[in-house]
There are 2 protein chains.
Amino acid sequence: MRRRYITIKDIAKALDISVATVSRALRDTYDVNSQTRQKVLAMANELNYKPNFNATGLVKRSTHNIGVIIPAITNYYFSTVITGIQEVAKDHGFNLILFLTNDSPEVEIKIVEDLSVSSLDGILACVSAHENNYAHFIEIIDDGLPVVFFDRVADNITASKVMQDDYNGAFAAVQHLIDCGYKRIAHITGPKDLLLTQKRLSGYEHALKINNLTIDPSLIIHSGFSQADGISDISLLFAQNTQAPDAIFAVNDRKGIGAILALKQKNILIGKEIGVIGFTNDPICEIISPTLSTVAEPAYEIGKTSCSLLLKHINKAAFAAQNVTLSAELIVRESTQRG
Amino acid sequence: MRRRYITIKDIAKALDISVATVSRALRDTYDVNSQTRQKVLAMANELNYKPNFNATGLVKRSTHNIGVIIPAITNYYFSTVITGIQEVAKDHGFNLILFLTNDSPEVEIKIVEDLSVSSLDGILACVSAHENNYAHFIEIIDDGLPVVFFDRVADNITASKVMQDDYNGAFAAVQHLIDCGYKRIAHITGPKDLLLTQKRLSGYEHALKINNLTIDPSLIIHSGFSQADGISDISLLFAQNTQAPDAIFAVNDRKGIGAILALKQKNILIGKEIGVIGFTNDPICEIISPTLSTVAEPAYEIGKTSCSLLLKHINKAAFAAQNVTLSAELIVRESTQRG
DNA sequence: AATAGTAGCGAGAACGTTAACGAAAACTAT
DNA sequence: ATAGTTTTCGTTAACGTTCTCGCTACTATT
């Protein structure tokens, strides 16, 4: 059986004072004589006292836990975001409780509905594609639980959102392809109902328009976010087009990698015959050959700002929802070099 | 301000019965009439009642949280292990609280010492290299908190441990290199005081011995686990050896990748001139060119069994510490092909 | 008919902490 | 010396559960 932990009662008894005084001394606020505070602190240290979060949580109606709901952590972007989140959470004495949806809307809904909301002070969420059915989130938000969305956000929920600059990032990527001389540029992207997808798509379309290139719907493929999706998108693209594309803008690096792998299989020279650019700046971009041009997302920063934003919501109930966009930067590598 | 949550008092009041009965009905145990239980359940559902974990945790002296202490999550192995952990934790109604040590002993010690042990039912840990100074863990174990170590474990702590079969995996890797005709095999590995390092090293040494190859200490390099460490290990290896190695056994794939990158830089033909093999089976093995031979670790399984083991400790105080070794499998790819 | 047993429920304490209130002690100003 | 302030502390009631008793009203047994 677990040993009983030291409580403030033990400290109080040892010092022959009341628990209230101990509590006050420990919290270093309120009116308490500095000498007695010293004694309390010393005794707490001696007994190796650790506060009981269940008890404080009960009375203060707050735990120091924030929930992170995320599709997966086995990829660079998500794990880096979480690292950023963890960094600021730790600095403020908050714990991270991890929930993995496995990119399944059903799992996500179940997680959110089963959530024992009373054990969380707030939530950081990166949603799965749902065809705009986010009732489960709206419910907990209405309950008053602070929620901040990041990366994949739903466009019809009023809550704080943190995203990279998807529109301008996509625009820069496509403009770069055009500058390199590519003309028939395909876009392999994610589910339609995510804001991220929409913004990158509109960045893509705008870049084409401004350069007087036509937007060909048969060059736009919506599917999932995985490397395998990238591979199958390429098959589709070459199957359904009489005139093959000469460049691929992938919604993320994993799909870009998939595209490169598929194109290599077809013995198409990447760079020279077909340009490929991704989005994220996964370290794998520098390992694959040819190295993959991309748009760097500030994943770590996104994690940090999402968490700080959430903490503001937690601390001030009236803190207004806020949209933050972090800039993304074009990184040119071999996969878009003609030479 | 947060809306007040529904409690069992509300259910009791609505049904005009006592809280004790509601509590019993909800827990579906104890003596309670099946009709009143139905009524309670119906009302709980109607009011959307969610139990308050702080309250139950207080009285039962247990939260449903397990802590995961891990160096980082931005790599395939760790994130996959966590995915496995999360899977079984979720199935048993446990939450995961994530702590990242950033591979720093100081950070790890601080995390463990600051741990509000009362808010955790158990801990899953993958330690940093410490030169056998694990007092911080020993203390919480002595306090009665169940701890299960995985992957990187300390050899002088008595607690349950879950590892891949490092010895046989390493042996298989080196035997494979020898079978391919490589003769001067270097080993670039991790910190000396980790059991993992020691076991892989002894697998390496044993394979050499059995094949009548001499163990050359100048071919064994201890450093960190990162890709950058792999790169610098190669420089070291070529700088300090008059007779260069003709094969590299890397303690993990990231160092293997680093080695490949460094060797490519030197224009040394991988496979033909020098064989390279890693350990992990990171998906990146199939993306890099040449593809990297490796020993596949059952990362997901390690996560799952670690967590199940921890749950057994949590549920039965007297459950004896146990060592579990999961087998690892040789995977041959291009980086060890002579042809 | 008397007793024992059992099913079903309620009262109240406990878990460890904080917060509202108030009281004693010490100090200040008159 | 007296009244008024502060400073410092203790009492007590919460927070939402569970758990130990014990009570009532049946049913079964003799």
Side-chain angles (χ1 to χ4, degrees), chain A residues 1-41 43-44 47-65 93 116-121 143, chain B residues 1-41 43-44 47-65 93 116-121 143:
Chain A
M1 199 51 194
R2 289 271 283 287
R3 207 189 288 175
R4 203 182 66 84
Y5 294 114
I6 300 296
T7 74
I8 60 172
K9 286 185 188 174
D10 299 314
I11 300 178
K13 206 170 292 172
L15 257 36
D16 197 32
I17 56 178
S18 78
V19 290
T21 304
V22 176
S23 173
R24 282 189 285 245
L26 253 21
R27 276 172 298 147
D28 181 47
T29 167
Y30 269 84
D31 37 5
V32 45
N33 185 291
S34 69
Q35 294 183 16
T36 58
R37 172 179 304 152
Q38 292 310 322
K39 280 195 285 186
V40 169
L41 260 34
M43 183 58 75
L47 298 179
N48 193 24
Y49 166 79
K50 298 284 171 60
N52 185 311
F53 285 172
N54 283 321
T56 61
L58 232 201
V59 36
K60 303 246 288 229
R61 280 205 181 76
S62 85
T63 64
H64 266 195
N65 298 146
S116 176
V117 179
S118 57
S119 69
L120 252 33
D121 286 357
D143 262 13
Chain B
M1 202 50 196
R2 288 271 282 288
R3 207 190 288 174
R4 204 182 66 84
Y5 294 113
I6 300 297
T7 74
I8 59 171
K9 286 187 188 173
D10 299 314
I11 300 178
K13 207 170 290 173
L15 258 36
D16 198 31
I17 56 178
S18 78
V19 290
T21 305
V22 176
S23 173
R24 282 189 285 246
L26 252 21
R27 275 171 299 146
D28 180 45
T29 167
Y30 272 84
D31 37 3
V32 45
N33 186 291
S34 68
Q35 294 183 17
T36 57
R37 171 179 305 152
Q38 292 309 323
K39 279 196 286 185
V40 169
L41 260 35
M43 183 57 76
L47 297 180
N48 193 24
Y49 166 79
K50 298 283 171 59
N52 185 313
F53 285 173
N54 283 322
T56 60
L58 231 201
V59 36
K60 304 246 289 226
R61 280 207 182 75
S62 86
T63 63
H64 265 192
N65 298 146
S116 176
V117 179
S118 58
S119 68
L120 252 34
D121 287 358
D143 262 14

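To find a chain, count down the sequence lines: A is the first, B the second, and so on, and within it residues start at 1.
Contact detail for B:R37 and B:V32: the closest heavy-atom pair is NH2-CG1, 3.1 Å. Residues B:A14 and B:M43 share a closest heavy-atom pair of CB-CE, 3.9 Å. In terms of heavy atoms, B:T56 sits closest to B:F53 at OG1-O, 3.1 Å. Residues B:I6 and B:D10 share a closest heavy-atom pair of CA-OD2, 3.4 Å.
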Restricting both atoms to N or O, compile the protein contacts to nucleotides 6-8 of chain C shorter than 3.5 Å, with distance only.
unit_1 : atom_1 : unit_2 : atom_2 : d
C:dG8  : N7     : B:D31  : OD2    : 3.1

Tabulated below should be each protein N or O lying under 3.5 Å from an N or O of nucleotides 12-15 of chain D; please produce it.
unit_1 : atom_1 : unit_2 : atom_2 : d
D:dC15 : O2     : A:V59  : N      : 3.4

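Remark: A:N48 pairs with B:E139 by the side chain to side chain donor-acceptor pair (under 3.5 Å) rule, at least two apart or across chains. The side chain to side chain contact (heavy atoms under 4.5 Å, CB included) test applied to A:K13 returns no partner, not counting sequence neighbours.
For the atom pair CD1 of A:I8 and CG of A:L15, the computed distance is 12.5 Å after rounding to the nearest 0.5 Å. Separating the CG atom in B:L47 from the OG1 atom in B:T7 is a distance of 9.5 Å, to the nearest 0.5 Å. The CG atom of B:N52 sits 9.0 Å away from atom CZ of A:R61, with the distance rounded to the nearest 0.5 Å.
The distance from atom OH of B:Y5 to atom C1' of D:dG16 is 14 Å, rounded to the nearest whole Å. The NZ-C1' distance, from B:K13 to D:dG16, rounds to 13 Å in whole Å. Following rounding to the nearest Å, A:I6 (CD1) and C:dC15 (P) show an atom-to-atom distance of 14 Å. Remark: C1' of D:dG16 and CG of B:D10 are 10 Å apart, rounded to the nearest angstrom. Rounded to whole Å, atom P of C:dG10 lies 14 Å from atom CD1 of B:I11.
Distances shown here put a side-chain N or O of B:S23 below 4.0 Å from the OP1 or OP2 atom of D:dT18. For A:R24 and D:dT8, the shortest distance from a side-chain N or O to OP1 or OP2 is not below 4.0 Å. Between B:S18 and C:dA11 there is no side-chain polar atom (N or O) within less than 4.0 angstrom of OP1 or OP2.
Among the atoms of the strands shown, only primed sugar atoms or phosphate atoms (P, OP1, OP2) are found under 4.0 Å from some heavy atom of A:Y49.
Axis orientation changes by 50° from one end of the helix from C:dA1-D:dT30 to C:dT30-D:dA1 to the other, with each end axis drawn from 5 pairs and the value rounded to 10°.
For the side-chain contact (heavy atoms from CB on, under 4.5 Å) with B:I11, the lone residue among B:V19, B:V40, B:L41 that qualifies is B:V40.
A distance-only check finds no donor-acceptor pair linking the side chain of B:N65 to the backbone of B:L120 [under 3.5 Å].
Residues A:N54 and B:D16 each lie close to DNA chain C; by heavy-atom proximity, the contact nearer the 5' end of the strand is made by B:D16.
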